[in-house]
2 protein chains.
Amino acid sequence: MEYMDIKVKFIKGFADKTRLEILETIKNEEKTVQQIVDAIKGNQSNVSQHLACLKGCGIVTARQEGKFIHYRLLDEHIKSLLEMFDTVLGDVKQQVAACDKNEKCLCGRGAYKCLTKRKKISL
Amino acid sequence: MEYMDIKVKFIKGFADKTRLEILETIKNEEKTVQQIVDAIKGNQSNVSQHLACLKGCGIVTARQEGKFIHYRLLDEHIKSLLEMFDTVLGDVKQQVAACDKNEKCLCGRGAYKCLTKRKKISL
DNA sequence: CCCTCACATTAGTGATCTATAATATGACTA
DNA sequence: TAGTCATATTATAGATCACTAATGTGAGGG
């Protein structure tokens with residue numbers, strides 16, 4: 001597996017609302033699955049799947065203790081990265097939000113709704 | 001639009017191989033669309049769409065000069081973030097790659113291939 | 001052992017994203 | 001102003017992802 005593919009997979013781990021909520025929840029201390037489910041008002045199966053994803057992406061790690069399983073961030077770097085997202089978003093927030101008056105902004109048809117119409121600019 | 005949704009959209013901007021390649025290409029200096037297309041051996045339409053995406057996600061910005069359009073990273077924070085991805089991946093690489101012997105690792109059916117089978121651990 | 005709890009797994013479906021091909025648009029040039 | 005170049009846009013089909021519901025599995029307690 002190429003480096004680039006690993007990188008994409010890792011980043012995709014963060015690219016989901018539910019997963020970001022989970023990470024927010026365990027950012028400072030480990031939590032059991034049920035605690036996470038309650039915290040984000042999610043459903044057990046769904047949360048469990050996202051936790052598996054986060055684990056597979058190298059973002060969290062798990063520790064079993066009796067019948068409970070405690071999840072936490074893999075290491076401090078992950079926490080820094082989460083904080084960095086917020087920092088950078090500070091700058092960019094308006095911009096990102098603005099383009100989203102018209103829904104999504106990724107590839108495919110959605111993307112173009114974000115573009116301001118091309119203007120005549122001649123230099 | 002909620003903060004969390006903005007954050008997801010922003011991060012999704014990075015969560016694609018083609019887009020990461022584009023960013024790599026313009027990491028240190030601005031490039032025209034055609035230069036980017038050549039650099040990543042992509043196709044014009046596809047690259048153009050990804051650039052629109054990156055722009056809408058607040059990751060790059062564009063500058064027109066005659067019939068050329070030059071793209072570059074929005075600001076230094078974005079560059080730092082890109083570098084941070086690599087730093088963090090340094091730690092995590094093996095882990096992420098390992099789980100991917102069996103293909104993908106995100107939500108849905110793919111996710112579980114990553115999990116090591118539950119072992120009997122009793123404490 | 002049987003039961004329950006905490007959690008993982010699977011299957012199925014709908015939603016979202018990506019790539020390709022075709023076409024459109026603005027800018028420069030002859 | 002007709003043509004060409006650089007880039008954007010649209011449509012569409014296929015791939016990938018996320019949610020729900022149902023079921024499976026290991027751990028601990030009676």
Side-chain angles (χ1 to χ4, degrees), chain A residues 5 8-9 12-13 15-22 31-38 40-57 62-71 103-123, chain B residues 5 8-9 12-13 15-22 31-38 40-57 62-71 103-123:
Chain A
D5 294 313
V8 169
K9 196 175 94 182
K12 275 190 178 168
D16 176 85
K17 189 173 181 177
T18 303
R19 290 198 289 277
L20 283 181
E21 286 171 349
I22 291 174
K31 293 260 172 69
T32 67
V33 176
Q34 192 54 52
Q35 287 175 324
I36 296 169
V37 169
D38 293 344
I40 72 173
K41 303 194 212 314
N43 113 348
Q44 185 268 319
S45 171
N46 192 18
V47 168
S48 186
Q49 286 179 68
H50 281 295
L51 285 167
C53 168
L54 288 166
K55 195 168 156 197
C57 293
R63 175 178 73 82
Q64 181 160 11
E65 189 181 313
K67 53 180 182 173
F68 296 89
I69 302 194
H70 300 261
Y71 283 86
E103 303 277 285
K104 54 194 163 162
C105 235
L106 293 167
C107 266
R109 308 227 244 132
Y112 310 109
K113 295 183 180 159
C114 306
L115 295 172
T116 46
K117 271 301 178 203
R118 274 183 280 177
K119 298 159 291 184
K120 287 198 165 196
I121 303 177
S122 195
L123 312 180
Chain B
D5 294 311
V8 169
K9 196 175 94 182
K12 275 189 177 166
D16 176 85
K17 190 173 181 177
T18 303
R19 289 197 291 276
L20 283 181
E21 286 171 349
I22 291 174
K31 293 260 172 69
T32 67
V33 176
Q34 192 53 52
Q35 287 175 324
I36 296 168
V37 168
D38 294 345
I40 72 174
K41 303 194 212 314
N43 112 349
Q44 184 269 319
S45 170
N46 192 18
V47 168
S48 185
Q49 287 180 72
H50 281 295
L51 285 168
C53 169
L54 288 166
K55 195 168 155 199
C57 293
R63 175 178 74 84
Q64 180 161 10
E65 190 179 312
K67 50 181 181 172
F68 296 89
I69 301 194
H70 301 261
Y71 283 85
E103 303 277 284
K104 56 192 160 166
C105 234
L106 292 169
C107 266
R109 309 227 245 133
Y112 311 107
K113 295 183 180 160
C114 305
L115 295 172
T116 46
K117 271 300 176 203
R118 273 183 280 177
K119 298 159 290 186
K120 288 198 168 197
I121 302 176
S122 195
L123 310 181

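A, B, ... follow the sequence lines: proteins, then strands. Residue 1 opens every chain.
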Any residue meeting side-chain contact (heavy atoms from CB on, under 4.5 Å) with K17(B), in chain and number order, not counting sequence neighbours: E2(A), M4(A), D5(A), V8(A), E21(B)

side-chain contact (heavy atoms from CB on, under 4.5 Å) against V33(B), all qualifying residues, sequence neighbours excluded: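 Per chain and number, V33(B) pairs via side-chain contact (heavy atoms from CB on, under 4.5 Å) with V37(B), V47(B), L51(B), Y71(B).
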
Nearest whole angstrom, please: distance from the [atom2] of [N] to the [atom1] of [X].
X	N	atom1	atom2	answer
E21(A)	dC19(D)	CD	C1'	14 Å
F68(B)	dT4(D)	CZ	C1'	12 Å
I36(A)	dA6(C)	CD1	P	14 Å
K17(A)	dC17(D)	NZ	C1'	17 Å
R63(A)	dA6(C)	CZ	P	16 Å
I69(A)	dG28(D)	CD1	C1'	14 Å
E65(A)	dG28(D)	CD	P	10 Å
K12(B)	dA15(C)	NZ	P	15 Å

Phosphate OP1/OP2 of dA6(D) contacted by Y71(B) side-chain N/O (<4.0 Å):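 Result: no.
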
Side-chain N,O (H50(A)) to OP1/OP2 (dC19(D)) below 4.0 Å: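 So the side-chain polar atoms of H50(A) do come within 4.0 Å of the phosphate oxygens OP1 or OP2 of dC19(D), strictly under.
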
Nearest-nucleotide 5' precedence on DNA chain C, K67(A) against L51(A):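 On the 5' side of the pair lies K67(A).
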
K31(B) NZ to I40(B) CD1 distance, which is reported to the nearest 0.5 Å: 11.0 Å

Using a cutoff of under 3.5 Å, can you pull out all pairs of nitrogen or oxygen atoms linking the protein to nucleotides 20-22 of chain D, with atom names and distances?
{"residue": "dT20(D)", "atom": "O4", "partner": "Q49(A)", "partner atom": "NE2", "Å": "2.8"}
{"residue": "dA21(D)", "atom": "N6", "partner": "S45(A)", "partner atom": "OG", "Å": "2.6"}

With D38(B) via side chain to side chain donor-acceptor pair (under 3.5 Å) - residues at least two apart: Q34(B)

Counterpart residues, side chain to side chain donor-acceptor pair (under 3.5 Å), relative to N43(B) (two or more places apart): none

E65(A) (side chain) donor-acceptor with K67(A) (main chain) under 3.5 angstrom: no

R19(A) side chain to G13(A) backbone, donor-acceptor under 3.5 Å: yes

T32(B) side chain, from C-beta outward: closest of dC19(D), dA27(D), dT7(D): dT7(D)

